[in-house]
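Presented below is the structure to which this report refers.
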Amino acid sequence: MSGLDVLFVAVGLVTAGAAALSVTSRQVLHAALWLVVALGGLAGCYLVLGAELVALVQLLVYVGAVVVLVLFALMLTRAGGVPVVTGVPQRVAAALVGAGTTVLLGGALLSAFGWGRVPIDGGGSTEVAATIFGTDVWPFELLSALLLMALVAAVAVARAPVGGQDDPSQRPDPPADVEAVQGERP
Amino acid sequence: MLADVPWALEAVLKAAAVLAAFLTLPLALGQLEHKLMGHMQGRLGPMEAGPHGVLQLVADGIKFAQKEDVTPAAADRPVFRLAPAVALVPYLVALAAVPLGAAWVAVDVPASLLLVLAVTSVGVIGTLMAGWGSGNKYALLGGLRAGAQLVSYELPLILAAASVALAAGTLSLTGIVGQWSWWWLLWQAPAAVVFLAASVAELQRTPFDAPVADAELVFGPLTEYTGLRFAFFLLAEYAGMVVMALLFTVLFLGGWRGPWADAGAGVVGVLWTLLKATGVGALFLWLRVAWPRVREDQLQRLAWLVLLPVALLQLAVTGVGVVVWG
């Protein structure tokens, strides 16, 4: 094993361990922080495999933005400190879905590349850019359109009145009609 | 510069140099802040420790080291205790990738601009961890404000930096300075303003210091911290200012290029970089003295309705410029 292999195994173990802790942690906020470690470890995996640009974008987008949003939402709901208790059937189902996805992805990779050795060729920024904006430009643009639609739909769902129609009885209570008073009352 | 030294020794020397810069430059900027704020407000600033108070921050450091390290009973212990390190280490990594001169850079990677932006975006998680882990409602409110603010200002910051990278045709910071010419000062001026405003917000400095607003939230996420851990957060803030000032210099002010064509190489170039970065750092300090704190809704409005459209427009202008002249 070369130095890169050892490094890859180490980073991979960190990533897998953090991911396992992230799904088994009972406190949601701890799970989110383990997710930071797992995503950072994944960036490390990309880096060891020579895909520098992908690694940095992974760090910038997932750790720097997505997880910050998750942490923000957790703080907003105050669910972070409450231990989460899930039933056994739910855990078994989650484990089945996770194992199924692993088998599916691993099978796809094995059928694509077999057991043979593949040289590490992550490609520099120029090659990645040529692929995204050249060869794969249509899937890329379709994906961005999908994300835009999801964003618009999320805003629409969030702004829609409760119950589907704007019934005054469904609106949140208006603030009490009290004048703001500064200083001591006379 | 270090061509005939074995690589291990070179790596150790460079790491030591980066660590030395990381420990001295923020202190120098902090001292400058003390004196500059003092004189702008008609005061003298610190005068007791050393000549004209130059050792004031060293004295502060000794004071912090002597204080008791308190962890509140309601705190989430591991999160609370790890937060200062998470806030501090990314800026150390970023400083290693920011060039001071054409050959004066510890780690010259091809995508160094992206590296600096990526690792500095990790540092904010330290603030969030501090806000939540303290088990204090003021710290939690500060953490909330920090989260909302940092997510909003990350986008204009990256778009402004992307505009310069687009103009230079490279993601390497040394490459960007190599491509830079003086008229970029005008061409990239909107991006420079956006970057400056967004970096002040990322650093949570006045006027965008709502997360640590001391009049409302005690000290935001840092309320419960004492001793060395508090000092590490302060060091992270000033190290962040150093990194952002250097990054602004390299991206928008031509880095180590002087007004004369031949002065860009060697030690003179490093002095140019440091001079320009000191100017940008002084601007950060001036903003703090001159402007009051922006309210939370004004802050979001500025990010999404002013900075983001300006940054997108600048990106379009840069794209047109690159296609027409490039």
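Below, chains carry the letters A, B, ... as their sequence lines are ordered, and counting in each starts from 1. Note that the structure is predicted; figures quoted are calculated from it, not measured.
- Ranked by non-hydrogen atom pairs under 4.5 Å with chain A, the options Gly143(B), Gly131(B), Ala111(B), Gly123(B) are led by Ala111(B).
- Contact check for His30(A) versus Asp76(B): side-chain heavy atoms found under the 4.5 Å cut-off.
- Residue Thr120(B) holds its OG1 atom at 8.0 Å from CG of Leu60(A), rounded to the nearest 0.5 Å.
- Residue Ala146(B) does not touch chain A at all, counting heavy-atom pairs closer than 4.5 Å.
- To the nearest 0.5 Å, atom CG of residue Leu150(B) and atom CG of residue Leu71(A) are 11.5 Å apart.
- Here the closest heavy-atom approach between residue Gly64(A) and residue Ser121(B) is recorded as CA-OG, 3.5 Å.
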side-chain contact (heavy atoms from CB on, under 4.5 Å) evaluation trace for Val67(A) with Leu128(B): CA-CA 11 Å; Val67(A) 176; Leu128(B) 296 183; over 6 Å; no

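- Around CZ of Arg91(A), the count of heavy atoms belonging to other residues, nucleotides or ligands within 6.0 Å exceeds 12.
- Contact annotation for Ile158(B): only side-chain heavy atoms (C-beta onward) come within less than 4.5 Å of a heavy atom of chain A.
- Residues Ile125(B) and Leu33(A) are in side-chain contact: their nearest non-hydrogen atoms beyond the backbone lie under 4.5 Å apart.
- Taking 4.5 Å as the limit, every side-chain heavy atom of Val86(B) sits out of range of all side-chain heavy atoms of Val36(A).
- For the side chain to side chain contact (heavy atoms under 4.5 Å, CB included) with Val119(B), the lone residue among Leu59(A), Leu56(A), Val63(A) that qualifies is Leu59(A).
- With a 4.5 angstrom heavy-atom cutoff, Leu144(B) touches chain A via backbone and side-chain atoms both.
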